[in-house]
Amino acid sequence: MILARSLKWIHIIGILIIFFGYSQRAMADWPQYSANPFVIQLDIQAEDDGVGGIVVADVNGDHLLDYLVTKPGFLAVYHHNGGKLWVKKIDVRVAGEAETNGLPGWHGPGVQAADVDGDDQCEVLFLTNDGNLHILEGATGKSKKVVKPTLIPGVEKWEHVIVANVRGLGDRDLIFQACPRSGPDFGRGAKRGRLIAAFPAEAPEGSPLWQTDGYWGPAHGTARIADLDGDGRDEVAGVTIIDHDGKFIDKWHYSDKWNLKAHGSFHVDSVFIYDVRPDLPGLEVVLLEEGANHISLVNMDQFIWRTDYQHQEPQNAAVGDFDPNRPGLEIWCRSRYNKHQKPFVFDATGQLVAHYEMDKVAPEGWTVEGVEVIWTIDWTGGAKQLAAAKERHKSGDVAIFDPISGKFLQLFKEKADRLYVADVSGDWREEVIVVSGNEIHVYHNTVSNPNPNRQRLWTQNHYRRSKMTWNYYSP
């Protein structure tokens with residue numbers, strides 16, 4: 001009884017520490033950039049081959065978000081104000097296409113940043129291609145620990161690491177993930193990345209907290225995590241959901257329910273975590289199928305709905321409050337077409353609310369191959385959210401558009417290799433962050449914010465987690 005009470009208080013204190021820390025950051029003065037775009041020069045190679053990405057985090061404790069950029073052989077960290085903090089030439093794990101090269105997948109950053117050892121300082125974590133885990137001081141890049149994490153059966157080496165909170169102690173746990181390198185699940189199988197285990201951050205070379213070879217997540221990238229049930233601890237989301245303690249939550253038996261074994265090439269392209277249905281407890285998981293060509297909404301308790309539009313493949317999506325007059329969030333699906341995309345939109349109940357041809361709404365000169373790397377964005381400060389995307393299959397322009405009508409509202413003439421959206425400066429609204437060659441360009445909205453006093457988006461667990469685990473298919 002005493003032990004149970006002690007663990008309960010540790011769990012509560014952990015939640016309070018997390019909440020207090022992010023509340024303090026929410027109140028911090030994040031000045032708006034004076035230039036638009038604000039340009040940061042990167043002291044790394046400019047060549048782009050689709051591998052590596054970008055995330056933001058406060059690595060030096062000044063309550064400003066800094067930029068971490070990965071490319072093959074490089075990890076570069078730049079201060080919020082543009083100065084170089086450190087650049088490390090190292091064989092960081094930033095594999096490209098997950099189907100052939102493993103995790104973290106196309107545009108996957110392959111890096112994490114958090115205070116994982118409880119010293120009130122941020123650490124930067126990543127795996128190298130030899131399977132070693134590196135933990136560095138965030139402010140200086142100085143190595144704190146290099147360790148070979150414990151392997152589980154079927155894993156030759158871990159391919160991705162995610163900072164998580166599964167014990168209720170804050171960001172003090174690590175989730176490792178790998179793909180089977182042979183057998184029926186190798187290649188374009190439905191269970192890519194199914195090997196997964198959780199470890200305490202203080203001892204990744206020790207015994208796992210839990211492990212499984214049965215995780216079914218996005219075929220093209222890494223696991224997505226968030227606190228789905230609001231208990232202060234993270235779950236792993238996908239076609240299968242793993243609770244914080246490693247137990248599977250699959251009451252609805254996704255594959256059996258829809259006889260998906262009949263679809264030999266079936267897999268899930270993308271996974272998103274949002275509060276799609278505020279009338280239901282917790283958060284929901286959006287799943288986009290390839291092969292079976294449906295969109296599904298599930299949570300930890302039930303299979304909520306599954307639908308399609310003319311059996312077209314959704315492929316990529318953006319989830320947000322695109323129509324404030326409707327309850328819940330909408331799900332915008334890009335469609336599969338390699339040219340002349342035909343997006344379609346569902347509401348929170350799975351009903352079709354819009355569809356159109358991208359060619360008829362895109363600005364003159366925009367590629368006929370459409371859009372890619374589509375992010376939901378809080379750009380205006382109003383209730384209606386929008387979407388940001390770059391030109392598909394090229395280092396091209398970036399745009400903000402209305403997912404319901406398809407209307408392009410703002411165009412940024414760019415040569416974008418990477419696109420990232422996050423709240424990094426000024427008010428709580430989000431900025432458009434572009435990696436172009438060896439530069440970062442940060443664009444902000446110059447129009448006055450109609451709701452300037454909202455909490456920072458970073459106070460939301462699922463927002464923080466998504467910004468650290470994104471890749472091309474699941475921004």
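Here the structure is a predicted model, which means the values were calculated and not measured. One is the number of the first residue; the rest follow in order along the sequence.
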- Query: With no hydrogens and no angle check, do the side chains of Asp91 and Asn129 hold a donor and an acceptor under 3.5 Å apart?
  - Reply: yes
- Message: One thing to verify: whether Asp378 and Arg429 come together as a salt bridge, which I'm taking to mean a side-chain N less than 4.0 angstrom from a carboxylate O.
- Response: no
- Quick one: pull up CG in Leu283 and CZ in Arg465 and give me the separation to the nearest 0.5 Å. 12.5 Å
- Does atom NZ of Lys247 have more than 12 heavy-atom neighbours from other groups under 6.0 Å away? no
- Task: Taking all non-hydrogen atoms of both residues into account, name the closest pair between Pro31 and Leu64 and its distance.
- Result: CD-CD2, 3.9 Å
- Message: Can you confirm whether the side chains of His244 and Asp234 place a donor and an acceptor under 3.5 Å from each other?
- Response: no
- Item | Candidate pair Glu290 and Arg336, rule salt bridge (Lys or Arg N to Asp or Glu O under 4.0 Å), full reasoning | CA-CA 9 Å; Glu290 177 179 334; Arg336 172 72 180 191; 3.8 Å; yes
- Of all heavy-atom pairs between Ala388 and Ile377, which one has the smallest distance, and what is that distance? N-CG2, 4.0 Å
- Note on the structure: Here the gap from Leu136 atom CG to Lys88 atom NZ, rounded to the nearest 0.5 Å, amounts to 5.0 Å
- Nearest non-hydrogen partners of Val285 and Ala237, listed with the distance: CG2-CB, 3.8 Å
- Message: As a quick check of understanding, evaluate side-chain contact (heavy atoms from CB on, under 4.5 Å) for Leu103 and Cys179, giving each step before the final call.
- Response: CA-CA 7 Å; Leu103 305 173; Cys179 300; 3.8 Å; yes
- Message: Between Asp62 and His79, is the side chain to side chain donor-acceptor pair (under 3.5 Å) condition met? List the steps.
- Response: CA-CA 10 Å; Asp62 65 357; His79 188 266; 2.7 Å; yes
- Item | Sole candidate of Leu386, Thr376, Leu329 that passes side-chain contact (heavy atoms from CB on, under 4.5 Å) when paired with Phe322 | Thr376
- Donor-acceptor pair between His444 and Glu431 side chains, under 3.5 angstrom: no
- Task: Say whether Asp321 and Gln385, considering side chains only, have a donor N or O and an acceptor N or O under 3.5 Å apart.
- Result: no
- Note on the structure: Residues Leu288 and Ala317: closest non-hydrogen pair is CD2-CB, 3.5 Å
- Query: If you look at every heavy atom in Leu228 and Glu235, which pair is closest and at what distance?
  - Reply: N-OE1, 2.8 Å
- Item | Asp269 CG to Leu287 CG distance, which is reported to the nearest 0.5 Å | 11.0 Å
- Do Thr140 and Glu137 pass the side chain to side chain donor-acceptor pair (under 3.5 Å) test, and can you show the C-alpha distance, the side-chain angles, and the key distance before you say yes or no? CA-CA 6 Å; Thr140 67; Glu137 290 182 356; 2.6 Å; yes
- Task: Answer yes if the ring centres of His107 and Tyr420 are under 6.0 angstrom apart, and no otherwise.
- Result: no
- What about the rings of Phe346 and Trp332, do their centers lie closer together than 6.0 Å? no
- Item | Pairing of Glu289 and Arg306 as salt bridge, 4.0 angstrom limit | yes
- Query: Name the one of Trp375, Tyr274, Trp458 that satisfies ring-ring contact (aromatic ring centres under 6.0 Å, His included) with Tyr463?
  - Reply: Trp458
- Could you check Thr222 against Gln177 for side chain to side chain donor-acceptor pair (under 3.5 Å), going step by step and ending with a plain yes or no? CA-CA 7 Å; Thr222 66; Gln177 189 179 4; 4.9 Å; no
- Query: Does Arg454 count as lying over the ring of Trp428, i.e. NZ or CZ under 6.0 Å from the six-ring centre, within 45 degrees of the axis?
  - Reply: yes
- Task: Run the salt-bridge test on Asp423 and Arg456 with the 4.0 Å N-O cut-off and return the result as yes or no.
- Result: yes
- Message: For the residue pair Asp229 / Asn299, report whether a side-chain donor-acceptor contact shorter than 3.5 Å exists.
- Response: no
- Rounded to the nearest 0.5 angstrom, the CD1-NE2 distance for Ile175 and His160 is 10.0 Å
- Item | Residue pair Glu439, Arg418: steps toward the salt bridge (Lys or Arg N to Asp or Glu O under 4.0 Å) verdict | CA-CA 11 Å; Glu439 293 182 344; Arg418 297 289 177 278; over 6 Å; no
- The single option from Lys144, Lys145, Arg172 that satisfies salt bridge (charged side-chain N to carboxylate O under 4.0 Å, His left out) with Asp117 is Lys144
- Item | Derivation of the salt bridge (Lys or Arg N to Asp or Glu O under 4.0 Å) call for Lys467 and Glu430 | CA-CA 12 Å; Lys467 298 304 175 184; Glu430 293 178 292; 3.7 Å; yes
- Task: Evaluate the criterion side-chain contact (heavy atoms from CB on, under 4.5 Å) for residue pair Val111 and Val92; output intermediate values, then yes/no.
- Result: CA-CA 8 Å; Val111 65; Val92 58; 5.6 Å; no
- Message: How long is the straight-line distance from OG of Ser436 back to CG of Leu419, given to the nearest 0.5 Å?
- Response: 11.5 Å
- Atom pair OG/CD1 of Ser143 and Ile90 - distance to nearest 0.5 Å: 8.0 Å
- Message: Could you tell me if Asp130 and Asn132 have a donor-acceptor pair between their side chains, going purely by distance under 3.5 Å?
- Response: yes
- Query: Looking at Asn471 and Gly221, what are the two nearest heavy atoms and their distance?
  - Reply: ND2-CA, 3.3 Å
- Does any donor atom in the side chain of Arg93 or Thr128 lie under 3.5 Å from an acceptor atom in the other side chain? no
- Item | Whether Tyr33 and Phe38 hold their rings parallel, tilted or perpendicular, with breakpoints at 30° and 60° | parallel
- Message: Can you confirm whether the side chains of Thr150 and Glu205 place a donor and an acceptor under 3.5 Å from each other?
- Response: no
- Message: Under a 3.5 Å threshold, yes or no: a donor from one side chain and an acceptor from the other, between Thr100 and Glu97?
- Response: no
